[in-house]
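What follows is a short report on a single structure.
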Amino acid sequence: MVATWKEPLNTVIDILKDNWTRANSDNIKPDILDIADEGPERGKRLDLQRSDYILCYETALNEEVPDLFYNFVTTRVNITVDMRTARGRSRLRKLENEMRRVIHTQRKGDGVNFDRMILKTRTDLSDRTKKLYRHTFQVEVVILAEAIP
């Protein structure tokens, strides 16, 4: 059996890229990257003077087996969305608001790749001494009644 759907990480990245509205974030669209697709040390060495960045990576995958039907599972995939800028807290806030808007407008799913997307947590990892403004978010992608191969 060949999978015909996209991985949850690629789905989240594509949703952010396709639905980002530049007007809501100082007419800037950040570089949205899968950290696993970048070269060695690329996730640590970003030129924040050139662009703002959103790095995405999968952090956990959980499967829940229902009590009645053992042919299906509910899959929950946690994606970390790591947002970085050097242009101040106000820019970070605009990036956050736009990312939240995109996640909430697309949260219902498409019925093929996922069924629900939930914005769960936010962590502030800013370092004001280095002028690095950074938030990480946990986005949960839920796939209901996924058939077990």
Side-chain angles (χ1 to χ4, degrees), residues 1-66 69-87 91-127 132-149:
M1 181 169 131
V2 176
T4 58
W5 62 90
K6 288 193 284 189
E7 290 291 324
L9 177 61
N10 295 331
T11 301
V12 170
I13 290 171
D14 290 344
I15 284 172
L16 288 173
K17 285 182 178 179
D18 295 342
N19 296 289
W20 194 273
T21 303
R22 296 168 63 103
N24 294 336
S25 56
D26 289 340
N27 208 20
I28 299 288
K29 183 175 181 179
D31 289 343
I32 302 169
L33 308 170
D34 177 358
I35 201 166
D37 288 344
E38 298 304 311
E41 299 293 320
R42 175 79 168 131
K44 294 180 185 176
R45 299 174 191 257
L46 299 172
D47 186 3
L48 290 173
Q49 299 304 319
R50 186 181 67 80
S51 178
D52 298 330
Y53 287 90
I54 296 178
L55 305 173
C56 301
Y57 49 94
E58 185 176 316
T59 50
L61 184 141
N62 299 310
E63 288 186 352
E64 301 168 2
V65 179
F69 302 107
Y70 293 107
N71 297 338
F72 301 96
V73 295
T74 297
T75 305
R76 298 177 181 273
V77 182
N78 284 334
I79 308 291
T80 298
V81 177
D82 187 346
M83 186 176 297
R84 302 176 187 192
T85 186
R87 291 178 176 87
R91 170 69 68 82
L92 183 66
R93 187 70 179 158
K94 288 178 182 178
L95 293 172
E96 174 189 352
N97 287 340
E98 180 59 13
M99 191 269 310
R100 291 180 68 220
R101 183 196 69 79
V102 169
I103 296 295
H104 286 304
T105 58
Q106 301 296 316
R107 71 178 178 249
K108 290 182 183 177
D110 57 9
V112 176
N113 296 309
F114 70 103
D115 295 298
R116 191 174 3 188
M117 188 167 31
I118 305 163
L119 182 61
K120 294 179 74 173
T121 62
R122 181 189 83 178
T123 306
D124 186 359
L125 298 173
S126 298
D127 187 351
L132 170 66
Y133 300 93
R134 179 180 175 202
H135 282 167
T136 59
F137 302 88
Q138 291 296 315
V139 176
E140 183 177 68
V141 177
V142 181
I143 304 166
L144 301 171
E146 183 179 9
I148 297 173

[Y] and [X], any side-chain heavy atoms less than 4.5 Å apart:
| X | Y | answer |
| --- | --- | --- |
| Arg91 | Tyr133 | no |
| Cys56 | Leu16 | yes |
| Ile79 | Met117 | no |
| Arg50 | Asp31 | yes |
| Asn24 | Asn97 | no |
| Trp20 | Ile28 | no |

>> Testing the basics here: between Gln106 and Phe114, what is the closest heavy-atom pair and its distance to 0.1 Å?
In response: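 It is O-CZ, 3.6 Å.
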Please name all residues satisfying salt bridge (charged side-chain N to carboxylate O under 4.0 Å, His left out) with [X], sequence neighbours left out, ordered by chain then number.
| X | answer |
| --- | --- |
| Asp110 | none |
| Arg93 | Glu96 |
| Arg101 | Glu98 |

> Between the side chains of Asp82 and Thr80, does any donor sit under 3.5 Å from an acceptor?
Replying inline: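 Short answer, no.
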>> Could you go through Asp127 and Arg134, starting from their C-alpha distance and side-chain angles, then the distance that decides it, and tell me whether this counts as salt bridge (charged side-chain N to carboxylate O under 4.0 Å, His left out)?
In response: CA-CA 8 Å; Asp127 187 351; Arg134 179 180 175 202; over 6 Å; no
> Checking side chain to side chain contact (heavy atoms under 4.5 Å, CB included) for the pair Met99/Leu119: CA distance, chi angles, key distance, verdict?
Replying inline: CA-CA 10 Å; Met99 191 269 310; Leu119 182 61; 4.3 Å; yes
Could you grab the distance from atom [atom1] of [X] to atom [atom2] of [Y], nearest 0.5 Å is fine?
| X | Y | atom1 | atom2 | value |
| --- | --- | --- | --- | --- |
| Ile143 | Arg116 | CD1 | CZ | 11.5 Å |
| Glu140 | Ile103 | CD | CD1 | 12.5 Å |
| Asp14 | Leu9 | CG | CG | 9.5 Å |
| Tyr57 | Ile13 | OH | CD1 | 12.0 Å |
| Ile15 | Lys6 | CD1 | NZ | 7.0 Å |
| Ile32 | Asp52 | CD1 | CG | 11.0 Å |

> Has Arg22 got more than 12 heavy atoms of other residues, nucleotides or ligands less than 6.0 Å from its CZ?
Replying inline: yes
>> By the definition side-chain contact (heavy atoms from CB on, under 4.5 Å), identify the one residue from Thr85, Leu92, Leu48 that meets it with Leu132.
In response: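 Of the listed residues Thr85, Leu92, Leu48, the side-chain contact (heavy atoms from CB on, under 4.5 Å) partner of Leu132 is Leu48.
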> Of Asp115, Thr74, Val77, which is the lone residue that meets side-chain contact (heavy atoms from CB on, under 4.5 Å) with Val142?
Replying inline: Thr74
Where the side chain of [X] meets the backbone of [Y], is there a donor-acceptor pair that is under 3.5 Å apart?
| X | Y | answer |
| --- | --- | --- |
| Arg107 | His104 | yes |
| Arg84 | Ser126 | no |
| Lys29 | Lys17 | yes |
| Asn113 | Thr11 | no |

> Could you go step by step and tell me if Lys120 and Asn78 meet the side chain to side chain contact (heavy atoms under 4.5 Å, CB included) rule?
Replying inline: CA-CA 9 Å; Lys120 294 179 74 173; Asn78 284 334; 4.2 Å; yes
